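The structure follows.
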There are 2 protein chains.
Amino acid sequence: MIPDSAAAFPVTVDVVALTVRDGALQVLLVDRLLEPFRGTRALPGGFVLPDESLEDAAARELAEETGVVAPSGNGPGPGHPWHLEQLRTYGPQGRDPRGPVLSVAYLLLAPAFGLPAPGGDAAEAAWFPVPDAEEPGPAGTAPLGALAFDHDRILADGVERARAKLEYSPLATAFCADEFTIGELRAVYEAVWGTHLDARNFHRKATGTPGFLEATGRLRAEGPGRPAELYRLAPSVDPAAAVLHPPLLRPPATPAPPT
Amino acid sequence: MIPDSAAAFPVTVDVVALTVRDGALQVLLVDRLLEPFRGTRALPGGFVLPDESLEDAAARELAEETGVVAPSGNGPGPGHPWHLEQLRTYGPQGRDPRGPVLSVAYLLLAPAFGLPAPGGDAAEAAWFPVPDAEEPGPAGTAPLGALAFDHDRILADGVERARAKLEYSPLATAFCADEFTIGELRAVYEAVWGTHLDARNFHRKATGTPGFLEATGRLRAEGPGRPAELYRLAPSVDPAAAVLHPPLLRPPATPAPPT
DNA sequence: ACAAAAGTGTTTTGTCTACACCCATGC
DNA sequence: GCATGGGTGTAGACAAAACACTTTTGT
């Protein structure tokens with residue numbers, strides 16, 4: 001019933017896994033063990049199996065190549081702040097030397113987590129900072145511009161999607177642990193956007209936006225300074241669909257001074 | 001070199017073609033001539049050929065099933081206000097009775113155009129109004145809820161994408177002819193969002209947003225009332241990438257009274 | 001003259017920004 | 001005490017909603 005003219009394409013999933021570590025936006029990259037692009041850095045990913053959903057394939061490849069076990073789907077329950085969403089699909093022509101291959105890219109936003117022993121088709125999975133500007137840095141600081149396949153473009157698309165989503169969705173909390181302080185949340189915005197935000201105004205805006213945060217009543221003291229109140233993502237909200245009103249807009253341009 | 005465990009999937013493209021006709025947001029649907037879902041309404045679409053790009057396949061299927069010749073890509077030149085962008089990809093499992101099939105959906109925003117003779121795998125391509133609310137209307141007014149495959153969901157995703165994009169991008173102009181009046185542009189916003197906008201404030205906002213509109217200096221008189229100035233989309237802007245600042249936000253909720 | 005649509009001005013209301021200021025802790 | 005980070009108050013800049021008003025056409 002499917003016409004003969006219809007071609008069948010191998011399909012891969014590639015995951016842009018982002019986190020905030022050491023005050024910077026970082027991406028999870030692997031070293032490829034197999035051809036093509038053997039020895040080159042790439043996004044974790046691989047071929048979709050016959051009976052798999054795309055999202056399951058993304059979670060499986062992430063687990064195989066980085067040892068990370070992601071919850072299937074966007075865990076709504078507490079303790080699963082991770083967020084996995086589809087980014088876009090990159091066309092079959094001219095992106096794989098082996099022939100036409102379709103790649104469905106996924107975006108994973110997660111708190112910083114350790115990287116167990118690698119396996120599968122990749123070795124040395126590690127976090128790499130995403131440079132603030134999209135242009136590769138002058139020194140060897142920028143991992144961009146050197147990835148396998150069209151992964152540079154996929155990474156750029158993923159970073160831009162993450163930056164845009166922080167403005168009007170509660171997804172910044174996906175980078176935080178289950179409970180977090182306003183300061184930690186602000187650090188997420190500053191790292192992802194590469195900007196400096198006024199701590200006082202951010203506090204008012206974050207706590208004053210309905211449907212965003214819920215106070216736990218507990219405090220957390222960390223180093224000097226007054227202990228901060230702990231918050232969690234407001235319940236009864238799908239963080240992928242909720243809309244912040246008013247949105248938290250990123251300022252036009254004023255990079256943070258490198259502390 | 002491609003592992004045997006990797007499956008190959010048939011891939012289709014489906015096009016959510018939206019326009020504004022008679023003051024309402026409308027979608028282009030076809031009647032399927034072949035199984036499965038023969039006789040059911042569906043989005044225009046079909047299988048991707050071996051050497052085709054996804055975008056080319058979307059344009060080809062649209063032309064085959066509706067007689068519409070879309071420009072390949074987003075024509076930047078004047079006279080090609082159409083806009084074609086990828087929407088998202090719908091997973092291979094459980095969406096086609098013939099087996100796992102991947103579908104990459106595209107969103108086409110276009111001025112109202114006539115429909116030449118149909119051909120290919122579909123007949124009776126026609127425009128259908130998209131109901132304001134997502135719930136199907138009580139009477140037989142709503143074509144949603146009755147489409148083939150998972151096209152109801154794809155249509156809902158496309159409509160939501162279009163509604164969101166009008167806020168922060170100049171894509172509302174994709175629904176207009178090459179030159180248009182502020183009133184026509186406002187009618188687009190009102191039809192897509194299903195709201196009523198204040199004509200005076202809209203005029204000021206649209207003409208005052210930098211990088212959005214360019215005055216032609218000409219006028220157009222249509223019926224009674226003062227003739228309106230003609231505008232075109234500001235040049236030197238990629239309408240798909242440009243960002244309106246400040247954005248044109250849709251009001252929370254107040255449906256327009258049916259004139 | 002009248003209706004209808006285009007375009008401008010003004011007032012009010014709210015939101016963002018910047019910054020002064022107090023609070024609670026470690027040292 | 002003093003540095004450090006958390007949290008609140010407030011004045012000016014700025015943008016948006018509401019609406020009075022003028023302009024220019026068709027009938």
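All chains are named by letter (A, B, ...) in the order of the sequence lines, taking the proteins before the strands, and each is independently numbered beginning at 1. Because only heavy atoms are used, hydrogens play no part in the values below, and waters and symmetry mates are left out as well, while side chains stay in. Model, not experiment: these values are computed from the prediction.
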Sidechain N-carboxylate O distance under 4.0 Å for A:Glu160, A:Arg250: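 The answer is yes: the pair qualifies as a salt bridge.
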
Residue met sooner reading DNA chain C from 5', once B:Gly225 and B:Glu229 are mapped to nucleotides: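 So the residue in question is B:Gly225.
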
Main-chain N/O of A:Ala125 paired to A:Thr66 side chain as donor or acceptor, under 3.5 Å: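 No: the side chain of A:Thr66 does not pair with the backbone of A:Ala125.
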
Electrostatic pair A:Arg218-A:Glu179, nearest N-O below 4.0 angstrom: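 The answer is yes: the pair qualifies as a salt bridge.
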
Length of the line joining A:Phe202:CZ and C:dT15:P, which is rounded to integer Å: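 It works out to 18 Å between those atoms.
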
Geometric class of the A:Trp82/A:Phe113 ring pair [parallel <30°, tilted 30-60°, perpendicular >60°]: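 The rings of A:Phe113 and A:Trp82 sit tilted, inter-plane angle from 30° to 60°.
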
Spacing of OG1 belonging to B:Thr173 relative to CG belonging to B:Leu233, to within rounding of 0.5 Å: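 Nearest 0.5 Å value for the OG1-CG distance: 4.0 Å.
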
d(CG, B:Asn201; P, C:dT12) in whole Å: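 Roughly 16 Å, once rounded to whole Å.
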
Note: B:Asp157-B:Arg153 ion pair, threshold 4.0 Å (strictly below):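 A salt bridge links B:Asp157 with B:Arg153.
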
Residue met sooner reading DNA chain D from 5', once B:Gly223 and B:Leu249 are mapped to nucleotides: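 That would be B:Leu249.
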
Under 4.0 angstrom between A:Lys205 side-chain N/O and C:dT15 OP1 or OP2: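 For A:Lys205, the contact criterion (side-chain N or O under 4.0 Å from OP1 or OP2 of C:dT15) is not met.
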
Interatomic distance, B:Arg204 CZ vs C:dA6 P [rounded to whole Å]: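 About 15 Å, once rounded to whole Å.
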
Nearest-neighbour nucleotide for the B:Pro224 side chain, C:dC19, C:dA6, C:dA4 considered: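 Nucleotide nearest to B:Pro224's side chain: C:dA4.
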
Nearest-angstrom distance from the residue atom NE2 of A:His203 to P of C:dC22: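 Answer to the nearest Å: 18 Å.
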
Any A:Arg200 side-chain N or O less than 4.0 Å from OP1/OP2 of C:dC21: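 For C:dC21, OP1/OP2 do not have a side-chain N/O of A:Arg200 under 4.0 Å.
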
Sugar-phosphate only, base, or nothing, as touched by A:Arg186 at under 4.0 Å among non-hydrogen atoms: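 The answer is sugar-phosphate, as A:Arg186 gets under 4.0 Å only of primed atoms, P, OP1 or OP2.
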
Sidechain-backbone polar pair: B:Arg186 side chain, B:Arg200 backbone, donor-acceptor under 3.5 Å: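 No, B:Arg186 side chain to B:Arg200 backbone: no donor-acceptor pair under 3.5 Å.
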
Nearest-angstrom distance from the residue atom CD of A:Glu222 to P of C:dG26: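 Whole-Å distance recorded here is 12 Å.
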
Chain B contact limits on DNA chain D, taken 5' to 3' with a cut-off of 4.0 angstrom to heavy atoms: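 The protein-touched segment is D:dA16 to D:dG26.
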
First encountered from the 5' end of DNA chain C, between A:Ala221 and B:Pro227: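 Between the two, 5'-proximity favours B:Pro227.
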
Separation of C:dA5 P from B:Leu197 CG (nearest whole Å):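 Roughly 16 Å, once rounded to whole Å.
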
